[in-house]
Amino acid sequence: MKEFPAETYALPFFKQEGFIRKQCPKCGEHFWTQDANQEYCGESSSDECGCYTFLKDPPTKKRFTLPEMREAFLSFFEKQGHTRIKPYPVVARWRSDIYLTHASIIDFQPYVTEGIAPPPANPLVISQPSIRLTDISNTGPTFGRHLTIFEMGGAHAFNYPDKEIYWKDETVRYHHEFATKVLGIKSEEVIYKEGVWVGGGNAGPDVECIVRGLEVGTLVFMQYKVVGDEFVELPIRTVDTGYGIDRFAWISQGVPSCFQAIYGDLLDKVLDMANIAKVDDEFLFRIAKFSGLVSVDKMANRLVTRRRVSELSGIDLATIDKVLIPIENAWAVTDHTKTLSFMLSEGVVPSNIQEGYLARMLFRRVYRLLRNLNMNIDRLYDIVELQADYWGKDFPQIKAMRDEIVEMLKVEQEKFEDTLKRGEGIVKRIAEDLKGKNTCKISDETLSELYDSHGLPPEIVKEFAEKEGIKVDIPENFFSLVAKRHMQANKLAEDEQTQVEHSLASAVEGLPPTEQLYYTDTYMREFEATILKIINNEFIVLNRTCFYPEGGGQPADHGYFAYDGGVRAEVVDVQKIGKVILHKIKTETLPKIGSTVQGILDWEKRYALMKAHTGTHLINGAARRVLGEHVWQAGTQKGVETTRIDISHYRRLTHAEVHRIETLANEAVLANISVETAWLPRNEAESRYGFRLYQGGAVPGKDIRVVKTGNWDVEACAGTHLRNTGEIGYIKIRSTERVQDGVERLVYSVGMQAVKAVQAQEQLLWTVAEVLNAPLEKLDKTAERLVKELRDANLEKRRLLKELATKESAVASGIGTADVQEEIEGVKLIKRDFGEVTDVNRMVQTANEIIKRNNAVVTLFYGADGKTARIMIMAGDVAVAKGVNASDVVKFAAPVFGGGGGGRPNFAQGGGTKLEKLKEAVQVAEETIKRQISH
RNA sequence: GGGCUGGUAGUUCAGUUGGCAUGAACGCUUGACUUGCACUCAAGAGGUCGGGGGUUCAAAUCCCCCCCAGUCCA
C-alpha cells in the first residue's frame with residue numbers, strides 16, 4: 001500500500017497540544033498521543049495492540065443513548081458553522097455503481113465531490129444510516145464492532161481551488177473538541193493513528209481515532225483519484241469524516257456489546273423470545289474485553305481467534321461456544337432485522353437482482369439464524385414490529401411502511417420455504433442415487449452446484465443429507481469453489497459509443513451551456529439560433545434549442561434545421577454532454593459557424609412523447625396507490641407507439657390490479673390535472689417532497705426540476721410534459737410481464753395509439769368470433785365448449801383405436817385373412833400390410849394386443865402413405881428367446897427402401913422414402929426373421 | 001448485467017447411445033375387505049412431454065429462438 005510522508009500528519013494541532021509521534025511496536029504503525037507512557041497504538045485488533053478498557057468504566061462524562069449521541073454530534077458541528085442535513089436514503093438510488101449507502105460521503109458522490117453540483121451546504125453535518133453487508137459474518141462475533149447497519153456521523157467540507165473551507169488541522173481539532181469537551185473524554189485518552197484510505201476510486205491520508213481500544217472515528221482527507229497505480233490530485237479536496245455514532249454510544253455506556261448500547265430493551269425482548277435466559281453480563285464482559293481480536297473471515301480463522309479469546313479470558317472454549325453462540329445469533333438477528341426494515345421501508349423488494357438480492361440474502365440469513373435459535377419464524381414479524389416502533393420516531397418511514405414490510409417478508413418467507421422444500425427433495429434423490437452406487441458422501445462438486453443452482457447452503461444440505469444417512473463434509477474453501485464456477489464469464493470491453501462520447505466531451509469543452517428552450521416553453525415547435533460549433537461534420541452546437549436531448553427514458557427529438565435560404569438538414573439525434581446540447585444532422589451542405597439556423601421540431605413525435613411521459617407519471621402514481629408505497633420506478637422507456645415502465649413489486653400483477661391501475665390513471669387523465677414544473681433548490685425540493693422524487697435516479701445540479709402532477713405524483717424529472725393531464729386523452733395498458741423476480745413491467749399506449757391498441761384487440765376478438773362462428777358475447781362459452789368437445793373427441797379416438805386394435809388382433813390370432821401367417825419352429829410370424837396407415841401408434845397397439853395373447857409371435861407390420869414408408873416389428877418373449885432381434889431386422893431391411901431404423905430386440909421401427917422398394921424391404925425383413933429363428 | 005438448474009399425469013418425479021409414455025409413487029374414481037391414525041387388495045380414469053422452428057425414416061431426448069419458474073454472483 002502507498003504511504004504518505006510523515007509531514008502529512010504533522011499537524012499544528014498535535015504540536016500545540018503536546019502530542020508525540022510514536023511507532024507501535026506491534027502493528028508497526030505510527031500514532032500520536034499525549035501520553036508519554038503510551039507504548040502501543042492501543043487499537044484492539046488481531047495484532048493485539050490493546051484491548052477494550054471502556055467496559056464497565058466509560059471514559060465519557062455521562063451515558064449517551066444512540067439518539068442522544070447523534071444529537072450531541074450534530075449540534076456540536078452545527079455550533080461550528082456546519083449546516084445540518086437530513087439523512088439520505090440507505091438505498092443509493094442516485095448511483096449506478098453501488099446499491100446501498102455505506103458511508104455519509106456516498107450522499108455527495110459523484111456530483112459534489114467531482115464538482116458537477118455544489119453541495120447542499122458547505123461545510124455540512126449529517127448522521128447517515130449506512131449499510132455494509134461485507135461485514136455480515138462479523139456481525140455478532142465482534143460484539144457489535146461490526147454492524148450491517150450503523151449511523152455514520154459525517155462532518156464534511158468541500159474545498160474548491162478558489163474557496164477553502166477547512167482542511168486537516170481543523171478537522172482533527174473538531175474531533176478532539178467533540179471527544180473531550182462534548183463527551184468529556186480525557187484528552188490523553190484519544191489516540192490518533194496515521195493511515196491511508198482508499199475507496200471508491202479515491203484516496204488520501206486519514207487519521208483514525210482510538211479511544212480505549214476502539215476505533216470510534218476515521219478522519220479522511222480525500223484528495224486523490226486513483227488511476228492505475230497512481231494517485232492523481234483532485235481539484236476538490238474533501239474532508240470526509242466518519243464518526244461511529246453507535247461506537248461512541250457504546251463506549252459512553254460501557255456495556256459489554258454495542259448491541260446493548262444501540263437496542264436497549266428491544267434487545268432484551270429478542271433474547272427473551274429466543275429463550276435465552278438472563279444473560280450474565282460478567283461473563284460477557286470477560287469476553288468482550290478481548291472481542292476486538294475477533295474478526296471472522298473464514299470458519300478456520302474464527303476458531304483460531306476464539307481459542308485466543310479463550311486463553312486471554314480464561315474461559316474454556318466449550319463454554320464460550322455454548323453460551324456465546326446463541327447470544328451472537330440473537331444479536332445478529334436484531335441487527336439484520338433493522339437493516340431489512342430500513343431497506344424495505346425504502347421500497348427495496350426482495351428479488352434475485354441488485355439491491356433486492358441483498359435483501360433476500362439478508363432475509364435468508366435471518367431465517368437460518370432463527371432456526372439455529374430454535375425460534376418460530378413468525379417471531380421475525382414480532383421483531384420487525386418492535387424495530388418499527390423503536391426506530392419509527394427518528395425514521396418515520398419505517399413505522400409508516402410497517403405493514404408493507406411485514407407483507408413483503410411473508411412473501412419472501414413463502415418463497416424460501418418453497419426453495420427449501422424443493423431442495424430437500426433434490427437432496428433426497430441425490431442421496432438415493434448415491435446409495436445405489438454404494439457411495440455415502442456428497443461430492444464437493446455436487447455441493448457447490450446445489451448452492452449455486454438451487455440456493456441450498458451447504459449446512460442445510462448437510463442437514464437434509466444426514467437424515468438420509470449420507471455424509472457431507474463442507475470443504476473449507478467452499479465459497480471459492482462456488483466462485484470458480486463463475487470464472488468463465490468475462491465482460492466485453494467498453495463499447496465504441498463510450499469512446500465517441502469521450503471525444504465529444506473534449507470537443508464541447510469551453511462552450512457555453514446551451515439555452516434549453518424546451519423548458520421555457522414545452523410547446524415551442526420552432527426557433528432561431530446561432531451556430532456555435534460543428535463537430536466532426538455531423539454534430540451541431542447552437543446557442544439555444546428546443547430539441548430535447550435523449551434522457552430520462554425520453555428519446556431525442558427529431559426534426560430539421562433550415563438555413564442558407566432553403567437548405568435542410570435532418571436532425572436525427574440529440575444528446576446532451578455536460579451542459580451542451582449536440583444535434584446530430586444529416587445533410588449535404590453544412591451551415592457556417594456563426595450563421596443563424598431555423599429549427600423545426602417533428603412535433604407529432606414530440607407531442608406523442610410528451611403524452612407518454614406525463615402518462616408514465618400517472619401510471620407510476622396509480623401503481624403506487626394500488627400496490628403500495630414500496631412501488632418505485634425501476635426504469636422506463638417512452639415511445640410513440642408503446643411506452644413501458646418497470647416497477648418494483650413483490651408479486652405477479654393480477655388482471656384485476658392491472659385494471660385498477662389503468663382505471664386510476666385514466667381518472668387522473670379525466671380530472672385534467674395541471675402539471676406544474678418548477679426549478680427548486682435541491683434541499684428545498686428534498687425536504688418538501690422527500691427522496692421519492694428520485695424515481696429515475698437522482699439528478700445533478702444545485703437546483704432540480706420538479707414535475708408535480710397535482711397531488712397525484714411528484715418527481716424530479718427533466719422531461720417535457722403536458723400542461724394538463726387531459727391532453728393525454730386515454731391510457732391503455734397493453735400487457736405486463738415479469739422482468740425479474742420483484743420487477744414488473746407495464747406496457748401501455750397513450751392517446752390515439754391507445755385507441756389503436758384497443759381496436760387491435762377488438763379486431764382479434766372479431767376474427768376469433770368469425771373463425772368460431774360465434775357471436776362476440778358468447779365467445780368464452782363457445783371456446784370452452786369447443787375445447788371440451790376436442791378433449792372428448794380425443795378420448796373417443798383413443799378408445800376407438802384400442803377397440804380397433806383388439807378386434808384386429810383377434811382377427812390376426814385366428815380367423816382372419818387379412819394377415820399372412822406362417823409358423824417357423826414354434827414361432828408364429830404375422831405379416832400385415834397397413835396400407836396407407838403409417839401411424840406407429842396404431843401398429844403398436846395392435847401388435848401389443850396380439851402379443852398379449854401369444855408370446856411366441858413376431859409381428860411384421862408395414863405401411864406407406866404418400867411420402868414415407870414405415871416398418872415395425874414386435875417380438876414376444878418366446879420369440880426373442882428363440883433368437884429374434886427386431887432391431888437387427890429393421891437395420892437390415894430399412895436401408896433397402898432408403899431409410900434407417902432401430903430399436904430393441906423386442907421392438908423396432910424403421911422408415912424410408914423409396915416407397916416402391918417397400919415390398920422388397922419387407923421380404924428382406926421376413927427372410928432375416930426366419931434366419932434368426934432357425935439359427 | 002453475467003452464469004447455472006429445471007419445465008413429462010392433479011402433485012412429486014423416472015425416462016440410458018434419438019426407436020413402445022404397456023411410465024413410478026402419491027392423489028382421484030369404482031368395487032371388495034376392513035371400520036383406529038398415510039388401512040389393505042383389485043380394477044379404472046388421467047399426457048398437445050412449456051411454446052415455436054430445424055435436423056431425421058423417426059425427437060420428451062440433438063440444434064436454434066421464445067416463454068415460464070428457481071438459483072448464484074456483480
Side-chain angles (χ1 to χ4, degrees), chain A residues 96-99 133-134 351-355 357-358 360-361 364 415-416 418-426 428-430 432-433 436 445-446 448-457 478-492 635 652 735 737-741 743 787 790-791 794-795 797-799 802 805 838-852 859 861-865 867-875 886-887 889-891 893-915 917-918 921:
Chain A
S96 53
D97 53 340
I98 51 167
Y99 300 123
L133 296 180
T134 47
S351 78
N352 54 10
I353 46 150
Q354 301 171 349
E355 67 270 15
Y357 179 60
L358 300 177
R360 170 163 292 173
M361 218 180 63
R364 293 186 173 187
K415 284 185 179 167
F416 191 42
D418 280 349
T419 294
L420 289 180
K421 213 159 129 197
R422 215 177 359 253
E424 191 167 8
I426 295 172
K428 218 177 228 173
R429 279 194 297 283
I430 290 173
E432 261 150 39
D433 196 45
E445 171 72 18
T446 312
S448 51
E449 198 204 311
L450 282 171
Y451 176 68
D452 202 14
S453 299
H454 303 285
L456 296 173
F478 178 76
F479 287 96
S480 61
L481 282 180
V482 175
K484 224 183 239 171
R485 292 170 62 88
H486 294 268
M487 290 294 260
Q488 315 127 312
N490 56 338
K491 274 185 187 169
L492 286 167
R652 292 307 305 267
S735 63
E737 58 184 302
R738 198 193 73 141
V739 181
Q740 285 285 358
D741 197 12
V743 182
V787 170
L790 182 65
R791 213 178 149 85
N794 273 334
L795 281 175
K797 181 182 160 195
R798 220 175 306 170
R799 198 186 59 75
K802 195 157 187 188
T838 50
D839 181 2
V840 180
N841 223 1
R842 181 148 159 219
M843 295 188 188
V844 169
Q845 289 270 16
T846 310
N848 262 328
E849 292 298 327
I850 295 171
I851 282 162
K852 248 190 216 167
T859 57
F861 291 174
Y862 55 94
D865 61 15
K867 271 189 251 156
T868 59
R870 210 144 261 282
I871 182 164
M872 188 221 83
I873 293 161
M874 197 181 279
S887 181
V889 174
V890 170
K891 274 179 192 153
V896 174
F897 59 111
R904 279 172 275 181
N906 66 322
F907 172 88
Q909 57 172 310
T913 43
K914 292 181 192 160
L915 306 183
K917 299 255 182 138
L918 178 58

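Chain naming here is simple, since letters A, B, ... match the order of the sequence lines and numbering starts at 1 in each. It should be emphasised that the depicted structure is a prediction, and the values quoted were computed from it without experimental measurement.
Straight-line distance from the CZ atom of Arg870(A) to the C1' atom of G19(B): 10 Å, rounded to whole Å. Straight-line distance from the CD atom of Gln909(A) to the P atom of A59(B): 9 Å, rounded to whole Å. Summarising the geometry, the separation between CD on Glu424(A) and C1' on U71(B) is reported as 18 Å, rounded to the nearest angstrom. Rounded to whole Å, the distance from NZ on Lys421(A) to P on C13(B) is 10 Å.
Rounded to whole Å, the C1' atom of G46(B) lies 30 Å from the corresponding atom of G53(B). One C1' atom belongs to G51(B), the other to C68(B), and the distance between them is 10 Å to the nearest Å.
Using N1 to N3 plus N6-O4 or O6-N4 for Watson-Crick, or N1-O2 and O6-N3 for G-U wobble, each under 3.5 Å, A58(B) pairs with nothing. C41(B): Watson-Crick or G-U partner is G31(B), with both key distances under 3.5 Å. As the counterpart of U48(B), no nucleotide is assigned, since no Watson-Crick or G-U wobble pattern has both distances under 3.5 Å. Here U5(B) sits opposite A69(B) as a Watson-Crick or G-U wobble pair (both hydrogen-bonding atom distances under 3.5 Å). Base pairing analysis places G36(B) opposite nothing; no Watson-Crick or G-U wobble pair with both distances below 3.5 Å involves it. Using the Watson-Crick or G-U wobble rule with both distances under 3.5 Å, G23(B) pairs with C13(B).
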Which atom pairs, donor and acceptor, lie under 3.5 Å between side-chain atoms of residues 418-426 of chain A and protein residues at least two apart or in another chain?
from: Thr419(A); atom 1: OG1; to: Lys415(A); atom 2: O; distance (Å): 3.2
from: Glu424(A); atom 1: OE2; to: Lys467(A); atom 2: NZ; distance (Å): 3.0

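In this structure, Ser453(A) contributes its side chain and Leu450(A) its backbone to no donor-acceptor pair below 3.5 Å.
The two residues Leu915(A) and Ala864(A) make their nearest non-hydrogen contact at CD2-CB, 4.3 Å. Minimum heavy-atom separation, Ala847(A) to Met874(A): CB-SD, 3.8 Å.
Here Arg429(A) reaches the OP1 or OP2 of C13(B): one of its side-chain N or O atoms lies under 4.0 Å away.
Sequence order on RNA chain B of the closest nucleotides to Glu355(A) and Met874(A) puts Met874(A) first from the 5' end. Heavy-atom distances to RNA chain B give each of Gly900(A) and Ile426(A) a nearest nucleotide, and the one nearer the 5′ end belongs to Ile426(A).
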Check: protein-nucleotides 67-70 of chain B nitrogen or oxygen pairs below 3.5 Å:
from: A69(B); atom 1: OP1; to: Arg652(A); atom 2: NH1; distance (Å): 2.7
from: A69(B); atom 1: OP2; to: Arg738(A); atom 2: NE; distance (Å): 3.1
from: A69(B); atom 1: OP2; to: Arg738(A); atom 2: NH2; distance (Å): 3.4
from: G70(B); atom 1: OP2; to: Arg738(A); atom 2: NH1; distance (Å): 2.9
from: G70(B); atom 1: O3'; to: Thr419(A); atom 2: OG1; distance (Å): 3.2
from: G70(B); atom 1: N2; to: Ser453(A); atom 2: O; distance (Å): 3.0

